Amino acid sequence: IQAPKEFRRCDGITLNHVHFTDASETMWNCQNIKMKNVYATGDYLGMNSENIYVDHLDLVGNYVFDGAKNVEVHNSRLVSKDAFWNCENVTIYDSKISGEYLAWNTKNITFINCTIESDQGLCYVDHLTMKNCRALRTDLAFELCTNIDAELKGTIMSIKNPISGKITVDHADEIIMDDPQIDSSKIQIIQRK
């Protein structure tokens, strides 16, 4: 599919082995989407859509799934600035995500067995869960996040001003707690090494 802005306000979309050469502004305000083995290039894929199941999405494009609800992603590779902004109820398994400002202003997002690279990623999130994940070249993470349950392998560059919950990591190069309004007794940061 070569044209942008496909599948607007649709219900019941199934895509299998589809290649979007220009997925810009595709699948906006849609419901009940199933994608398997989809390759896409373009910004704002899946904006404000709901009930999305993805397996093997290979995407290069910014702002993917902005404002989406009830999203489940498996075995995918996303190169995307501002991925999963303003979302609710997102679970991502066995995937790689690279891009600045990952998941800002999102509620209930879970990463399981994922590798993340993000400048200032995972900030302003309520109910952030991470299990068996890596945060490569990730800095200033977790800023003003609440209800964190994060278990990371390896080293994270920096953690900045998380509000509440627990972060376990092998090593953090830097932990920044410089916001006087944060009660540091509500956040636990554990370094294994």
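These figures come from a predicted structure and were not determined experimentally. Every heavy atom of this structure was used, including side-chain atoms; hydrogens, water molecules and symmetry mates were not.
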If we only count heavy atoms from C-beta on, is the [X] to [Y] side-chain gap below 4.5 Å?
X      : Y      : value
Thr106 : Asn86  : no
Asp173 : His171 : yes
Trp85  : Tyr101 : yes
Val64  : Asp66  : no
Asp55  : Tyr93  : no
Leu144 : Ile182 : yes
Asp139 : Asp119 : yes
Leu45  : Thr26  : yes

Practice prompt. Could you give me the CA-CA distance, side-chain angles and deciding distance for Gln188 and Ile190, then say whether side chain to side chain contact (heavy atoms under 4.5 Å, CB included) is met?
Written response: CA-CA 6 Å; Gln188 185 178 14; Ile190 299 168; 3.6 Å; yes

Worksheet entry | Contacts of Phe84 that satisfy ring pair (Phe, Tyr, Trp, His ring centres under 6.0 Å) - sequence neighbours left out |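 Partners of Phe84 under the ring pair (Phe, Tyr, Trp, His ring centres under 6.0 Å) test: Phe65.
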
Discussion item. Taking ring pair (Phe, Tyr, Trp, His ring centres under 6.0 Å) as the definition, give me every residue that meets it alongside Tyr39, ordered by chain and number, with sequence neighbours left out.
Written reply: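 Per chain and number, Tyr39 pairs via ring pair (Phe, Tyr, Trp, His ring centres under 6.0 Å) with no residue.
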
Pair up each side-chain donor or acceptor in residues 128-138 with any protein partner under 3.5 Å, not counting sequence neighbours, and list the distances.
residue	atom	partner	partner atom	Å
Lys131	NZ	Asp149	OD1	3.4
Lys131	NZ	Asp149	OD2	3.0
Asn132	OD1	Lys153	NZ	3.2
Asn132	ND2	Asn113	OD1	2.7
Arg137	NE	Glu117	OE1	3.0
Arg137	NH2	Glu117	OE1	2.8
Thr138	OG1	Ile116	O	3.4
Thr138	OG1	Ser118	N	3.2
Thr138	OG1	Leu136	O	3.0

I need the [X] [atom1] to [Y] [atom2] distance, nearest 0.5 Å.
X      : Y      : atom1 : atom2 : value
Cys145 : Asp126 : SG    : CG    : 9.0 Å
Glu6   : Phe20  : CD    : CZ    : 7.5 Å
Ser184 : Asp179 : OG    : CG    : 11.0 Å
Lys34  : Asn32  : NZ    : CG    : 8.5 Å
Ile189 : Ile167 : CD1   : CD1   : 5.0 Å
Asn51  : Lys69  : CG    : NZ    : 10.0 Å

Determine whether a donor-acceptor pair (N or O, by modelled atom type, separation under 3.5 Å) exists between the side chain of [X] and the backbone of [Y].
X      : Y      : answer
Ser95  : Ser76  : yes
Ser80  : Gly61  : yes
Asn108 : Asn89  : no
Gln191 : Ala172 : yes
Trp28  : Phe7   : no
Asn16  : Asn37  : no

Can you give me the closest heavy-atom contact between [X] and [Y], atom names plus distance?
X      : Y      : answer
Arg192 : Leu152 : NH1-O, 2.8 Å
Leu140 : Cys123 : O-SG, 3.4 Å
Gly67  : Cys87  : N-SG, 4.0 Å

Practice prompt. Scan for ring pair (Phe, Tyr, Trp, His ring centres under 6.0 Å) pairs involving residues 116-157, sequence neighbours excluded, and state none if there are none.
Written response: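 Of all non-adjacent pairs touching residues 116-157, those that pass ring pair (Phe, Tyr, Trp, His ring centres under 6.0 Å) are Trp104-Tyr124.
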
Discussion item. One pair to check against side chain to side chain contact (heavy atoms under 4.5 Å, CB included): Ile112 and Thr110. What are the steps and the verdict?
Written reply: CA-CA 7 Å; Ile112 299 171; Thr110 299; 3.8 Å; yes

Item to complete: Apply the test side chain to side chain contact (heavy atoms under 4.5 Å, CB included) to residues Ile13 and Met27: give CA-CA distance (whole Å), side-chain angles for both, the deciding distance (0.1 Å), then the verdict.
Response: CA-CA 9 Å; Ile13 300 168; Met27 283 185 279; 4.1 Å; yes

Are [X] and [Y] connected, step by step, through hydrophobic side chains (Ile, Leu, Val, Met, Phe, Trp, Tyr) whose heavy atoms are closer than 4.5 Å?
X      : Y      : answer
Val54  : Val90  : yes
Leu122 : Ile176 : no
Ile109 : Ile187 : yes
Ile163 : Val169 : yes
Val38  : Ile92  : yes

Worksheet item: Tell me, which pairs form a side-chain hydrogen bond (donor to acceptor under 3.5 Å, both in side chains) where one or both residues lie in residues 158-169, sequence neighbours left out?
Response: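 Non-adjacent pairs meeting side-chain hydrogen bond (donor to acceptor under 3.5 Å, both in side chains): Asn161-Asp178.
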
Fill in: Asp58 vs His56, side-chain hydrogen bond (donor to acceptor under 3.5 Å, both in side chains): CA-CA, chis, key distance, verdict
CA-CA 6 Å; Asp58 194 331; His56 287 91; over 6 Å; no

Worksheet item: Among all residues two or more places apart in sequence or in another chain, which pass the side-chain hydrogen bond (donor to acceptor under 3.5 Å, both in side chains) test with Asn48?
Response: none

Worksheet item: Is there a side chain to side chain contact (heavy atoms under 4.5 Å, CB included) between Thr21 and Thr41 once you walk through the steps?
Response: CA-CA 6 Å; Thr21 58; Thr41 303; over 6 Å; no

Item to complete: Describe, in one word, how the ring planes of Tyr53 and His74 are oriented to each other, choosing from parallel (under 30°), tilted (30 to 60°) and perpendicular (over 60°).
Response: tilted

Discussion item. Just by distance, no angles: are the side chains of Asp43 and Ser24 close enough, under 3.5 Å, to form a donor-acceptor pair?
Written reply: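 No, Ser24 and Asp43 have no side-chain donor paired with an acceptor closer than 3.5 Å.
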
